[in-house]
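Quick note on labels: first sequence line is chain A, next is B, and so on, each numbered from 1. All of these numbers come straight from a predicted model, not from anything done at the bench.
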2 protein chains.
Amino acid sequence: MKNFHRSRSLKPTAKQVAHVAGVSLAAVSRAFTPGASLDVEKRKRILAVAEEIGYLSPARRTAEAISATTITLVAGDLLNPFYPFVLDTLAKQLQESERQLLVYALAANTDVDSVTEQILAARPSAIIVTSAHLTSSMARACRQHQIKVVLLNRIQRDIRINAVACDNFQGGRDAGRLLLERGYRKIALVGGVANTSTHVERVRGLRDVLAEAGGAIHAQAFGNFTYKGGYTAGKTLLSVPDAPDAIFCCNDIMALAVIDVAREFGLRIPEDLAVIGFDDIPMASWNSYGLTTIRQPVERMVMEALKIIDDPTIKPSDDGIITMLPGTLVTRSSA
Amino acid sequence: MKNFHRSRSLKPTAKQVAHVAGVSLAAVSRAFTPGASLDVEKRKRILAVAEEIGYLSPARRTAEAISATTITLVAGDLLNPFYPFVLDTLAKQLQESERQLLVYALAANTDVDSVTEQILAARPSAIIVTSAHLTSSMARACRQHQIKVVLLNRIQRDIRINAVACDNFQGGRDAGRLLLERGYRKIALVGGVANTSTHVERVRGLRDVLAEAGGAIHAQAFGNFTYKGGYTAGKTLLSVPDAPDAIFCCNDIMALAVIDVAREFGLRIPEDLAVIGFDDIPMASWNSYGLTTIRQPVERMVMEALKIIDDPTIKPSDDGIITMLPGTLVTRSSA
DNA sequence: TACTCCTATGAAAATTTTTCAATCAGCTTC
DNA sequence: GAAGCTGATTGAAAAATTTTCATAGGAGTA
């Protein structure tokens, strides 16, 4: 009986579902109608059979068709100017292929679970997640619903999910090498959030290149990837007797904050203190900052993410592909 | 025959449409199926009758149901940090009411027409437009499709459309008065884009309060609401012999640019030059700027926009309601 | 001219949703 | 405790809609 549907024509019908599930035709229809009166258990069983056979109600089918052109962006931190830039790039690329962009903004420091249900209810064809932690339960749910997920600017190896990111390790190395070349020796770090790949890899790169030169990170503090956090971290680092002569920051806004602190301390940049950031947000090039930084190739990152989404040979259930793109060291006046 | 449908039950059926249009039932179904083989004229006629009677095919009905919970945001300038803030606020408020947010990002200086078709094809329940010019043809199309439109942070009286904005005139006055009170007399202006309400009203407010005190705008330049534009404008204003002692900028990023120029010119702020902006973006409160500005009540603006959208007594075809909310003068170190 | 191929079409078949009447369980009322 | 009411659940049947099928007509072509 399990292969009942194979013997019939191509498209599975409600009648078949009804037969297999041992219920009336009406029940099948009701199972697909939210709010219809139907025993919870029975509905569950019908839906299971339908999935097994591959049946979709007409309403479900049109819903599917609509959402097939929709991509959901889950953005964690829109107040960091890097992400609006990503959003803008993504929106424009999607417009070109006549697709829609749904946006969810997460409150600070929350993971995706708070909106999982809403996102899945909208049944997008794919989800792009930036700067937010994806829980394994969400990852599992997406696999189950055949929705592709791509992490942008973050890599999570725990859940084996697609990811596109800048080569953060190399970026960290580039920053460190520049500082060494310019003669700085007391190189400190303003980190972001400890368990994020952007933080970890960038720091690893810096540490790596310093170690090669026989050095180490002079001091470090965490700035939570925010201006405020960077400001506090900068103050902490510069307030001690043996203050650093260079600070590598895990992103640009924190770097800008550190520059602001340095100014308050009366330090000349880059003579007394060199500062390097990461991202190359628009403000980095503003005259009052002139921040030396690692530019992330946002356009290419977005393109690669869409490539993964559009590649039919990559299945949602596959183990994730990790795409790493090189960043560019942009030298301005701060280092 | 025109009132044929009134005699029948509540829900119009395809049969009725077929009868009125004088075609077969199958033809009606086909009219609603994209790609189905049907004479173009006949399809048009059927669709017209259907609209007249109020019939929607099941597929169309579910599509309608889905998009009923979708609101489209058309954002003009995501690189100005004010708008990500709006987007973030809107996204979070919509998440609370389980609605979806579709985002379109327009390329710089384009009007909405470039994406009109895409937007209408998605049939959102409402559209919120920030910082982009709405053409009258788009406005007409939305009326016709029964889609509510709300302009956010912009007022266009030419097309009589709903709008929510800060009281820009009053904001301009507040800024001007503060400068006068602090003893500045050579007050210059860095404008945004000439034909936008945000520019016009803010300037009018400034001019108004200066005139009351028997003065006038000392000099002016346009900055296009961008950092770069503001930078150039600032240079122009400060390079002349009789330079201003205060500059009011029509938004914050331009004000930040002007501060940067002033620093290059070796001017002390606020002693040699006072600067006031408009918006209160996060950067305005950063230590290196300490920008005095008019804060826009973004949360309330978004709430008011949604209130208009959710109010069933306001019809898409109605003449627009204009909601004006007071801004707040935030005094920091720049003036 | 005859033939082919394609679009267009209504009738009828197939499919799905909705209505309707019946059943049943849990409460309330007497 | 019995009778009665209410509302959820259900399958059969009716209604509505989509799809199939056979046919007709027209444009292009050998």
Completion exercise
Ranking C/dT17, C/dT9, D/dG11 by distance to the side chain of B/Asp39, first place goes to C/dT9
Exercise for the section: Would you kindly give the CD1-to-P distance between A/Ile46 and C/dT16, to the nearest whole Å? Expected result: 14 Å
Exercise for the section: Could you check whether B/Ala14 gets within reach of a base, just the sugar-phosphate, or nothing at all, counting any heavy atom under 4.0 Å? Expected result: sugar-phosphate
Exercise for the section: Indicate yes or no: at least one non-hydrogen side-chain atom of A/Arg154 is less than 4.5 angstrom from one of A/Ser197. Expected result: yes
Handout entry: Closest contact, heavy atoms only, A/Met301 versus A/Leu152
Key = O-CD1, 3.7 Å
Exercise for the section: Count the heavy atoms belonging to other residues, nucleotides or ligands that lie under 6.0 Å from CZ of B/Phe85, then report whether that count exceeds 12. Expected result: no
Completion exercise
Closest non-hydrogen atoms of B/Gln95 and A/Gln118, given as atom of the first, atom of the second and distance, are O-NE2, 3.0 Å
Handout entry: Per A/Arg30 side chain, nearest of listed nucleotides C/dT16, D/dA13, C/dC20
Key = C/dC20
Problem - A/Gln16 CD - C/dT16 C1' separation (whole Å) - result: 14 Å
Handout entry: Nearest listed nucleotide, side chain of A/Ala26, among D/dA16, D/dT10, D/dG11
Key = D/dG11
Problem - Pair A/Lys148 + A/Asp310, salt bridge at N-O below 4.0 Å - result: no
Problem - Distance below 4.0 Å between B/Tyr55 side-chain N/O and D/dT17 OP1 or OP2 - result: yes
Fill in the blank from the handout: Between CG of B/Leu25 and P of C/dA11 the distance, given in whole Å, is 10 Å
Practice task
Round to a whole Å and report the spacing from NE2 of A/His19 to P of C/dT15.
Solution key: 15 Å
Practice task
Would you indicate, yes or no, if D/dA8 has its OP1 or OP2 atom less than 4.0 angstrom from a side-chain nitrogen or oxygen of A/Ser37?
Solution key: no
Exercise for the section: Ignoring backbone atoms, establish whether A/Lys42 has a side-chain N or O less than 4.0 Å from OP1 or OP2 of D/dG11. Expected result: yes
Completion exercise
Here the distance between atom P of C/dT18 and atom CG of A/Leu38, to the nearest Å, is 14 Å
Problem - Gap between atoms CZ and P, on A/Arg43 and D/dT10 respectively (whole Å) - result: 10 Å
Handout entry: Length of the CG-P vector between A/Leu56 and C/dT17, whole Å
Key = 11 Å
Exercise for the section: Round to a whole Å and report the spacing from NZ of B/Lys15 to P of D/dT18. Expected result: 15 Å
